[in-house]
Visitor: 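The following block contains the structure, expressed as structure tokens.
Here the structure is a predicted model, which is why all the values come from computation and not from measurement.
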Amino acid sequence: MERIELEWNGVIKMAVSYLLLVFDLVEYSKHNNTQQETYFIEVQNFVRNTLINRNLENNSTVKICTGDGMYLGVENNDSNLKSLIEFTLDLYQWGESKGYLFRTAIDVGNVSIETDINNNKNIVGSAINDLSRISGAGDKKSIVIGHTLFKEKFENSNDCFGIPFKNICQSCVYDKHNFPHIFNSVIFIRNKKEYGSDTVLRINYKNHVYSSEYPKEERKNYFYSKLKNAEEVVFYAIVNKGTLDSIKQINLEKNKSIRISVIYAADNLETSINTFMHSTYKNDFNDKAKSIEEIKNWYNSIKKDYPSVELKLFEYEKMPLFGASFVDYQKRGGFIHFSQYLPGLYQKEDPYIEVEWNTEQEPPLFKTYSELLRNQILPELKLIN
């Protein structure tokens, strides 16, 4: 097994070449607590038994449970790679019998095996981070192979150690620094049955991260371009004089259903926000009231001609961690711009972030915010109109 030295915060660490696999259950969060607990127990038992059956369970194997799935790390050799592929096919075959759909990614890289806070083995290094990024790019049932591993073991072939496969497409996903991570989506074949997804994955999502030097005019025009064909837009905690200008960018059509939600702070909270946020966030009561009134007047002027357009106004009474404009966030082709108000969810020095995607699965960075919106923010709002 290849071993190299890595310098980490001035300390030399011994890195090892590992094969890495991650899988997760599609739509896990839509199940109730009882269903999630059942799945958790079942998948633990399955993985434990299958690793033994595939000769992958030994002192060097690393298993990291994520709730909806698991990361696995094994020493990099051909025998283990074949066994990991067989493990994946076992997983998909078992999932079909249970009604579970999985998404899987496999790659190779130099990592450091460390002991974590729970005294368990954990995997540290850019390779495991890259694996997480490419796994999020797949659709349901996808099996994606990282670029390095694909070039080493899959390219110019139609089988890997006797296991037939089809190369569906090559694509890439961009991280927050707009660095591309290339991968291939494949279908493996066992006993004439195919495992994987035949969906051709495009460039799936990009993150744009900005410091306080946010190019407002340039990004405003880009945001406007995203609004033109929108079917659902949510403005949360960033209602200001420009909100109506943004709404007016949406192309209205007679029979096109369009949902617009504007969510703003209740007056009593507005006082607290202005006091607490100081220069980071400052809103004027008159500006807010005027903006809301203008939005109402605009809606009243168009609703007769465009009855399928829906406007809802909400108030929130809890301090927001962020402000955001969500565009078609519940479907492919979504986009979000958000402004970081309080530290905690993302780096304080990068308060402006934009995410766009073209896949059924939400990008990991966006998922944090969309789940906050769906699970914590929307259920507690007060409908005004």
Side-chain angles (χ1 to χ4, degrees), residues 17-26 64 66 68-74 76 78 80-89 91-92 101-111 123 125-161 163-189 194-208 332-334 355-367:
S17 181
Y18 257 54
L19 292 163
L20 306 170
L21 178 147
V22 61
F23 69 85
D24 69 291
L25 177 68
V26 176
I64 306 169
T66 61
D68 63 346
M70 188 173 293
Y71 286 86
L72 297 173
V74 297
N76 179 19
D78 290 349
N80 280 348
L81 176 56
K82 181 178 181 180
S83 294
L84 267 188
I85 297 171
E86 295 285 10
F87 170 89
T88 303
L89 303 186
L91 175 71
Y92 278 51
L101 291 178
F102 294 100
R103 198 173 7 241
T104 302
I106 308 173
D107 205 355
V108 65
N110 293 316
V111 296
I123 304 169
S126 60
I128 195 72
N129 300 329
D130 295 344
L131 184 74
S132 177
R133 291 183 177 102
I134 67 171
S135 70
D139 282 343
K140 54 190 175 184
K141 298 195 297 184
S142 286
I143 301 173
V144 302
I145 310 295
H147 184 58
T148 301
L149 182 61
F150 190 86
K151 285 186 70 67
E152 288 180 1
K153 302 296 181 182
F154 292 83
E155 198 168 49
N156 302 320
S157 178
N158 57 11
D159 77 82
C160 185
F161 304 114
I163 304 172
F165 73 90
K166 297 178 183 178
N167 180 28
I168 301 302
C169 66
Q170 183 178 92
S171 190
C172 68
V173 62
Y174 288 79
D175 62 25
K176 67 182 182 182
H177 305 294
N178 281 340
F179 185 83
H181 300 269
I182 301 170
F183 62 90
N184 285 67
S185 179
V186 302
I187 287 178
F188 287 108
I189 303 166
E194 296 185 345
Y195 297 91
S197 172
D198 60 3
T199 300
V200 176
L201 301 173
R202 307 294 179 186
I203 294 177
N204 291 303
Y205 64 87
K206 294 184 180 181
N207 299 337
H208 308 279
R332 298 177 79 106
V355 187
E356 56 185 300
W357 64 97
N358 186 30
T359 178
E360 290 180 4
Q361 187 189 22
E362 296 169 349
L365 179 60
F366 170 66
K367 189 175 182 180

Visitor: Which distance, rounded to the nearest 0.5 Å, do you find between the CD1 of Ile187 and the OG of Ser197?
Guide: 6.5 Å
Visitor: Consider side chain to side chain contact (heavy atoms under 4.5 Å, CB included). Of Leu21, Asp107, Val144, Ile106, which one does Leu131 pass it with?
Guide: Asp107
Visitor: Taking side chain as C-beta onward, heavy atoms only, is Leu72 less than 4.5 Å from Phe87?
Guide: yes
Visitor: With sequence neighbours left out, what residues match Asn184 under side-chain hydrogen bond (donor to acceptor under 3.5 Å, both in side chains)?
Guide: Asn167, Gln170
Visitor: Main chain of Ser132, side chain of Ser135: is a donor-acceptor contact present, judged purely on distance under 3.5 Å?
Guide: yes
Visitor: Please report the interatomic distance NZ(Lys141) to CG(Asp198), rounded to the nearest 0.5 Å.
Guide: 7.5 Å
Visitor: Is any side-chain heavy atom of Tyr71 closer than 4.5 Å to one of Ile128?
Guide: yes
Visitor: If we only count heavy atoms from C-beta on, is the Phe150 to Phe183 side-chain gap below 4.5 Å?
Guide: no
Visitor: Heavy atoms only: give me the nearest Cys169-Thr199 pair and the separation to one decimal.
Guide: SG-O, 4.3 Å
Visitor: For Leu81, enumerate each residue passing the side chain to side chain contact (heavy atoms under 4.5 Å, CB included) test, keeping only those at least two apart in sequence or located in another chain.
Guide: Leu19, Ile85, Leu149, Lys153, Cys160, Phe161
Visitor: Rounded at 0.5 Å granularity, tell me how far CG in Asp130 sits from NE2 in His147.
Guide: 12.0 Å
Visitor: If the plane angle is over 60° it's perpendicular, under 30° parallel, otherwise tilted; pick one for Phe102 and Tyr92.
Guide: tilted
Visitor: Once rounded to the nearest 0.5 Å, what's the spacing between atom CD1 of Ile123 and atom OH of Tyr18?
Guide: 7.5 Å
